[in-house]
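Comments concern the structure below.
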Amino acid sequence: MDKIYNHQETERKWYSFWEQKGYFSPKRIPKKKPFTIIMPPPNANGELHIGHATFIAIEDILVRYHRMHGVPTLWLPGADHAGILTQVVYERELEQEGKNRFDLGRDEFFKQTYEFTMKNKKHMEDQLKALGASCDWTREKFTLDPEITTAVYTTFKKLYDDGLIYRGERIINWCTRCGTALSDLEVEHEERNGKLWFIKYPIKHPNAKIKQQEFITVATTRPETMLGDTGIAVNPNDVRYKNLVGKTALLPLMNRSIPIITDSAVSPKFGTGAVKVTPAHDPIDFEIGKRHKLKTISIVQEDGRLSAAAGVFSGLDVSSARNKVLDELGKQDLLQKTAFYKYSLGICERCRTTVEPLISKQWFIKIESLAKPALVAVKQGSIKILPKRFEKIYFNWLENIRDWCISRQIWWGHRLPVYYCQGYKNKKCTTKDGLFVSVVKPTKCPSCGSKNFTQDPDTLDTWFSSGQWPFTTLGWPNETPDFKYFYPTSVMETGYDILFFWVARMIMLGLYTTGKPPFQTVFLHGLVRDERGQKMSKSRGNVIDPLDVAGEYGADAVRMALVFGTSPGNDINLGESKIRGMRNFTNKLWNIGRLIVDLKPAKTKIVSPNKEDRWVLDELKKTKKSVSDSIENYRFGQAAEELYEFIWHRFADKYLEHAKTRREEAQPILEKVFDESLRLLHPFMPFITEDLWQRISNKRGTSLMTALWPK
RNA sequence: GGGCUGGUAGCUCAGUUGGUUAGAGUGUUGCGUUGACAUCGCAAAGGUCAGAGGUUCAAAUCCUCUCCAGCCCACCA
């Protein structure tokens, strides 16, 4: 054995050994209850980052631990097409060639993006392997695989047939750069220093001949939207405006008569207590407008420019329109005052463009009847969320949830399983809207006999498909042996940042579609930050690339560094020094191995254990118990510390030093303690433990992976 | 506006249901080690466990309040 442990060669060697032996693929044993984790599918649009390494480390611990108990264990890997994000990433690639997606056209753009993701996916698989993930590659899935697509469409159809998917014109979040609707979750909010403008609207006197001189003043952060105003609202209890309610104001610049109404959504305390109502471009105003049957005038178009309805302002982009509106108001002396004001601006999660609220025809999921069972499942404990504090956050979100906009106007993703009969256009077809929701393209319209159908151009929110991941990956809607055996799965392990995006949706869709909770336990880990707790980002230059450091210090060291001394749900501060420290630990293990294996005495003597022997065996026993206990309770950070502490400071520093003076007697104890230590450590540091175990074990041809967990 | 998390050794963090002299990594200092390992060993220095009050025989741990740091959610324009 070399003086220094060479991780590069060792890691490659054992991974392919495991894979060739088929250890990653569980057999279904009917009488045994399996342990199943569906891997959170990485987005197939780039490299694995340190966050992926975190889930690999934790999930591999769980999986290897259960596998070592002789339980049929499945860890199913996959990749996500990642809708908007991938489209944005690939559009940026095209940009470098001076092209955009419209230059290519839909089909060509899709084809190229597909090739791009396939390349990334292959690369990611290699990266997962390099980090030691013991997942079953024979069952790998991709969200755009044909059978997954069929499953996703089946769920869509079921929801539609149950009246839980509807199409409607509603106010939605629109990204003008991506050219698509977004769900509420895909909008991020940034605090901005802005202004509050106080604008005077003249009151129309009943007698048209009398000159206007009375005004009502409204406060707004978006003066340009006044062009779409169709009312002014005050709180019903606001005495200041009692005599104005019911009267009509004259919208400046547009010369439109708009009513002054009361609505309890208006706070008398804010601004002047009077609000301009723009139903087409503000969610609250949309609601107010609906309640009072106000007109809806869309003045911002999907391209971010003002529409014809904005009169002389039409064609301007939003910010120039704002300047011009303010300018005009100033000229007409209708700007009463301005105040500095901090407000939150909605921006597109993926491309950081300002999001415009506007009215658009989109597809929605009626969420209430899905949310209720999802709440009950966690409240009653059929699904546990760990750490428990996240349950409260989950409840709060589901209790205030609004309908989910699932249609996107991008090209990359699952196209809606919605078809339109072309006979409808000729008025021969009596089907409502000529619309069919169907898993496969219809062949003949039962109403008009037309064989000509076009598919809806929209694509599905990427989370609609990933929300079904725990069962679509196992073969649903078919009652496959895998689905029957492995579903519901055991643990869903992921970062807390996608609790709403993903976990909540999986619970809702899982309960709705399969009638069962998709998993029993949700374990949420924290985000990896740099040594000083700063978020890792390319611009900060503090990114740790897991594959780089794995290359330098070994995958075992990286994995150990990601769990050692962490606690569930808390962010992980990681610096290179910690990884280096864990690399030193691998070298310590290596040298323990050298002493026991390489420098094995020629003969051994069996004698009754002395004080030190009894001590180390007792410490081992305690360690076995506490490590098992910590893993069972998801305290991986603690389990790692316990192992490190025992192996290095008690076994190596104390017992091994002592044993040097009586090697022949101590050798059997050394081997036993080392063997069991390697088993305990294997889920955390699979490569070096396997390598050393192969050297001390006499069971040739088997693997530590399938050895039994010490009791 | 609502909620969450953290404030423990110079730095980064553990510390399960309250129970002896509060732990680890890393850093610092001294000594040692050339037959497991300098990617090492032994030892030392270093903490009024953010602050105040309370419960208790006993509090880093439970309760209340305050101060700092960070995060999430939310339709006050």
Side-chain angles (χ1 to χ4, degrees), chain A residues 1-5 171 184-185 188-189 196-197 218-223 225-226 232-233 235 265-278 281-288 341 343-344 346 357 387 389-390 392-397 399-400 402 496-497 499-500 526-527 529-535 553-554 557 560-561 564-599 626 629-630 632-635 637-638 640-642 644-645 648-649 652-654 656-657 659-660 670:
Chain A
M1 285 171 77
D2 295 337
K3 210 169 173 183
I4 306 274
Y5 170 59
I171 192 152
D184 295 340
L185 275 182
E188 282 184 8
H189 296 273
L196 199 55
W197 284 274
V218 298
T220 181
T221 54
R222 296 197 61 192
T225 61
M226 71 176 288
I232 290 176
N235 188 281
V266 179
S267 160
K269 286 179 194 148
F270 189 89
T272 63
V275 187
K276 58 191 271 317
V277 184
T278 322
H281 299 290
D282 184 283
I284 313 163
D285 292 6
F286 182 77
E287 294 300 323
I288 295 176
Y341 184 67
Y343 71 107
S344 82
R389 65 183 134 96
F390 287 104
K392 208 168 153 186
I393 298 170
Y394 170 86
F395 294 147
N396 184 53
W397 187 71
E399 279 159 5
N400 298 296
R402 297 198 295 169
Y496 65 72
D497 53 326
L499 176 63
F500 306 145
L527 271 37
R529 298 167 178 281
D530 78 1
E531 223 156 359
R532 277 172 294 163
Q534 300 260 9
K535 203 171 170 186
Y553 302 110
M560 192 67 170
F564 187 93
T566 62
S567 61
N570 284 3
D571 289 349
I572 301 158
N573 289 4
L574 181 73
E576 208 163 319
S577 66
K578 189 173 181 186
I579 302 170
R580 212 178 297 128
M582 295 304 145
R583 185 271 319 265
N584 293 355
F585 181 50
T586 59
N587 196 57
K588 174 55 83 173
L589 286 164
W590 181 254
N591 279 289
I592 296 171
R594 278 222 292 160
L595 186 85
I596 296 174
V597 178
D598 261 18
L599 304 176
S626 65
D629 196 53
S630 292
E632 293 286 347
N633 291 292
Y634 298 87
R635 293 193 297 261
Q638 202 174 324
E641 281 187 281
E642 283 156 359
Y644 182 101
E645 170 66 17
W648 197 323
H649 298 305
D653 289 349
K654 301 258 160 47
L656 220 55
E657 288 306 320
K660 280 178 182 171
L670 285 172

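In what follows, chains are A, B, ... by sequence order, proteins preceding strands, each numbered from 1. The shown structure was predicted, so the numbers you read here are calculated from the model rather than taken from an experiment.
The CD1 atom of A/I572 sits 15 Å away from the P atom of B/G6 (whole-angstrom rounding). Summarising the geometry, the separation between CG on A/D598 and C1' on B/A36 is reported as 9 Å, rounded to the nearest angstrom. Going from atom CG of A/N591 over to atom P of B/C37 covers 6 Å, rounded to whole Å. Distance CG (A/L599) to C1' (B/G35): 7 Å, rounded to an integer number of Å. What separates CG of A/L656 from P of B/C40 is a distance of 15 Å, to the nearest Å. Following rounding to the nearest Å, A/K3 (NZ) and B/C40 (C1') show an atom-to-atom distance of 10 Å. The distance from atom NZ of A/K535 to atom C1' of B/A69 is 17 Å, rounded to the nearest whole Å. The distance from atom CZ of A/F585 to atom C1' of B/A36 is 15 Å, rounded to the nearest whole Å.
No side-chain donor-acceptor contact under 3.5 Å links A/N396 to the backbone of A/K392. At least one donor-acceptor pair closer than 3.5 Å links the side chain of A/D530 to the backbone N or O of A/G533. Remark: the backbone N or O of A/I284 is paired with a side-chain donor or acceptor of A/D282 at under 3.5 angstrom. Listed for the A/W590 side chain is no donor-acceptor partner under 3.5 Å among the backbone atoms of A/M1.
At the phosphate of B/A36, neither OP1 nor OP2 sits under 4.0 Å from any side-chain N or O atom of A/K588. Taking only side-chain nitrogens and oxygens, A/R389 never comes nearer than 4.0 Å to OP1 or OP2 of B/C4. Distances shorter than 4.0 Å separate some side-chain N or O of A/N570 from OP1 or OP2 on B/A14.
For B/C62, the paired base is B/G54 (Watson-Crick or G-U wobble, both distances below 3.5 Å). With a cut-off of 3.5 Å on both pairing distances, the Watson-Crick or G-U wobble partner of B/A24 is B/U12. B/C40 is paired with B/G32 under the criterion used here, namely a Watson-Crick or G-U wobble arrangement in which both key atom distances are under 3.5 Å. For B/C75, there is no paired nucleotide, since no Watson-Crick or G-U wobble pair has both relevant distances below 3.5 Å. Partner assigned to B/G6 is B/C68, using Watson-Crick or G-U wobble distances below 3.5 angstrom.
Going from the P atom of B/A59 to that of B/G53 covers 14 Å, rounded to whole Å. B/A9 and B/A50 are spaced 9 Å apart, taking the P atom of each and rounding to whole Å. Taking atom C1' in both B/G41 and B/G54, one finds a spacing of 48 Å when rounded to whole Å. The separation of B/A74 from B/C40, taken at their P atoms, amounts to 49 Å, rounded to a whole angstrom. Nucleotides B/G30 and B/C49 have their C1' atoms positioned 29 Å apart, rounded to a whole Å. B/C31 and B/A14: their C1' atoms are spaced 30 Å apart (whole Å). To the nearest whole angstrom, the two P atoms, one in B/U17 and one in B/U12, are 25 Å apart. B/A52 and B/C71 are spaced 28 Å apart, taking the P atom of each and rounding to whole Å.
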Item to complete: Tell me, with the steps shown, if A/Y496 and A/D571 meet side-chain contact (heavy atoms from CB on, under 4.5 Å).
Response: CA-CA 10 Å; A/Y496 65 72; A/D571 289 349; 2.8 Å; yes

Worksheet item: Would A/F500 and A/D184 count as a side-chain contact (heavy atoms from CB on, under 4.5 Å) if you check the C-alpha gap in whole Å, the side-chain angles of each, and the deciding distance to 0.1 Å?
Response: CA-CA 11 Å; A/F500 306 145; A/D184 295 340; over 6 Å; no

Discussion item. Let's go through A/K535 and A/L527 carefully: what are the C-alpha distance in whole Å and the side-chain angles of both, what is the deciding distance for side-chain contact (heavy atoms from CB on, under 4.5 Å) to 0.1 Å, and is it a yes or a no?
Written reply: CA-CA 9 Å; A/K535 203 171 170 186; A/L527 271 37; 5.7 Å; no

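Between A/Y341 and A/Y343, the two ring planes are parallel [angle under 30°; tilted spans 30° to 60°].
As judged by a 4.0 angstrom heavy-atom cut-off over every strand, A/D653 is placed among residues touching the sugar-phosphate backbone only. Residue-level contact check: A/G565 touches the backbone only, with heavy atoms under 4.0 Å from sugar-phosphate atoms and none from bases. Counting non-hydrogen atoms under 4.0 angstrom, A/E657 reaches a base of the nucleic acid. Counting any heavy atom pair closer than 4.0 Å across all strands shown, A/L527 reaches no nucleic acid atom.
Distance check: A/T278 OG1 to A/M226 CE gives 9.5 Å after rounding to the nearest 0.5 Å. Distance check: A/S577 OG to A/M582 CE gives 9.5 Å after rounding to the nearest 0.5 Å.
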Would you list the protein and nucleotides 10-12 of chain B atom pairs, both N or O, that sit under 3.5 Å from each other?
from  : atom 1 : to     : atom 2 : distance (Å)
B/U12 : O3'    : A/N573 : ND2    : 2.7

Could you run down the sub-3.5 Å N/O contacts of the protein with nucleotides 18-27 of chain B?
from  : atom 1 : to     : atom 2 : distance (Å)
B/G25 : OP1    : A/H649 : NE2    : 3.1

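Listed by chain and number, the residues in a ring-ring contact (aromatic ring centres under 6.0 Å, His included) with A/F286 amount to none (sequence neighbours excluded). Evaluation of the salt bridge (Lys or Arg N to Asp or Glu O under 4.0 Å) rule for A/K578 yields no partner, not counting sequence neighbours. Under the side chain to side chain donor-acceptor pair (under 3.5 Å) criterion, A/D598 pairs with no residue, sequence neighbours left out.
With salt bridges taken as basic N to acidic carboxylate O contacts below 4.0 Å, one links A/D629 and A/R635.
Checked against B/U16, B/U39, B/A36, the side chain of A/K660 finds its nearest nucleotide in B/A36.
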Worksheet entry | Heavy-atom protein contacts under 4.0 Å, nucleotides 71-77 of chain B, coded B base, S sugar-phosphate only, - none | --S-BBB

